[in-house]
Structure formats: C-alpha cells, structure tokens
Amino acid sequence: MSKQIGITRQQYKDLKKKDHQQMNAFLLRFWQDGYKEGMTAAKKASVSPAEIEKAISGIKGMGEARRKAVMQQVYKLYKEEKQ
C-alpha cells in the first residue's frame with residue numbers, strides 16, 4: 001500500500017474533543033475515503049473476459065465446447081456486475 005491507514009497524533013487529539021455527531025461525521029468520511037480507494041484499486045486489478053478466455057484456452061483438456069460454456073458464465077457475471 002502506498003498510503004498508511006490510520007490517524008495522525010493531531011487527529012487523535014482532535015477526535016478526543018469531538019461530540020457524538022462530529023465523531024459520526026468523521027468516521028463516515030474516513031470510511032468513504034477508504035471505500036473509494038478500494039474501488040479504485042479493484043478497477044485497476046480487474047481482468048477482462050477476453051483475458052480469461054485467452055488464459056483458459058491453453059489448459060490441457062479444455063475443449064471448444066467446455067471453453068464456450070465457461071465463457072458464457074463469465075460473461076453472465078460481468079453483465080450482472082455492470083447492472
């Protein structure tokens with residue numbers, strides 16, 4: 001990871017002074033930032049169906065019919081993900 005997860009000493013001191021509503025808002029922003037970073041990282045690490053098809057076509061015993069059946073399921077998953 002390029003960025004260390006956590007809070008600084010100054011943030012800790014400021015957090016101790018916050019009331020319930022301020023703490024809730026801080027934690028929500030903290031969570032949202034982490035979620036956005038995770039989604040960005042996941043998009044960079046994603047694999048396309050074409051790459052999957054290329055990879056499985058080289059497997060011994062993987063015939064044309066079996067490859068097509070597998071790829072139908074893969075494409076189905078990718079369609080569900082985009083909806």
Side-chain angles (χ1 to χ4, degrees):
M1 272 200 276
S2 62
K3 196 173 176 184
Q4 184 176 353
I5 298 173
I7 59 173
T8 64
R9 181 82 176 136
Q10 185 59 45
Q11 287 173 322
Y12 172 74
K13 287 180 179 182
D14 292 340
L15 283 172
K16 290 190 334 182
K17 298 174 187 173
K18 292 187 184 301
D19 64 17
H20 182 263
Q21 187 175 11
Q22 292 169 325
M23 179 67 79
N24 207 14
F26 172 81
L27 291 174
L28 182 61
R29 280 192 314 274
F30 192 81
W31 178 84
Q32 287 173 335
D33 290 344
Y35 182 81
K36 287 176 187 175
E37 285 183 29
M39 291 299 288
T40 302
K43 287 178 183 175
K44 290 179 184 177
S46 66
V47 179
S48 71
E51 293 170 322
I52 294 171
E53 187 169 9
K54 184 178 177 183
I56 66 172
S57 65
I59 297 173
K60 185 178 179 178
M62 178 69 74
E64 186 69 22
R66 177 62 69 188
R67 184 181 56 78
K68 284 183 180 180
V70 169
M71 289 311 298
Q72 280 181 333
Q73 294 301 312
V74 170
Y75 282 116
K76 185 178 175 183
L77 288 172
Y78 272 81
K79 285 181 186 176
E80 289 174 0
E81 181 180 293
K82 290 187 179 187
Q83 292 177 357

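None of the values given here were measured: they were computed from a predicted structure. Heavy-atom basis, side chains included; hydrogens, waters and symmetry copies ignored. Residue numbers run from 1 in the order of the sequence given.
At least one side-chain heavy atom of K76 sits under 4.5 Å from a side-chain heavy atom of Q73.
Y35 and L27 are not part of a single hydrophobic cluster, where members link through side-chain heavy atoms under 4.5 Å apart.
Annotation: ring pair (Phe, Tyr, Trp, His ring centres under 6.0 Å) contacts of Y12 (sequence neighbours excluded): none.
A distance of 13.0 Å separates CD1 in I52 from CZ in R67, rounded to the nearest 0.5 Å. Remark: L15 CG to Q10 CD distance equals 10.0 Å, nearest 0.5 Å. Here the NZ atom belonging to K68 is positioned 5.0 Å from the CD atom belonging to E64, to the nearest 0.5 angstrom.
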Can you list the steps and then say if F30 with I7 is a side-chain contact (heavy atoms from CB on, under 4.5 Å)? CA-CA 10 Å; F30 192 81; I7 59 173; 4.2 Å; yes
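Under a 3.5 Å cut-off, the side chain of E37 and the backbone N or O of G34 do not form any donor-acceptor pair.
Closest approach of M71 to P49, counting heavy atoms only: CE-O, 3.2 Å. The minimum heavy-atom distance linking Q22 with K17 is given by the pair OE1-O, 4.4 Å.
Within 6.0 Å of CD in E51 there are more than 12 heavy atoms belonging to other residues, nucleotides or ligands.
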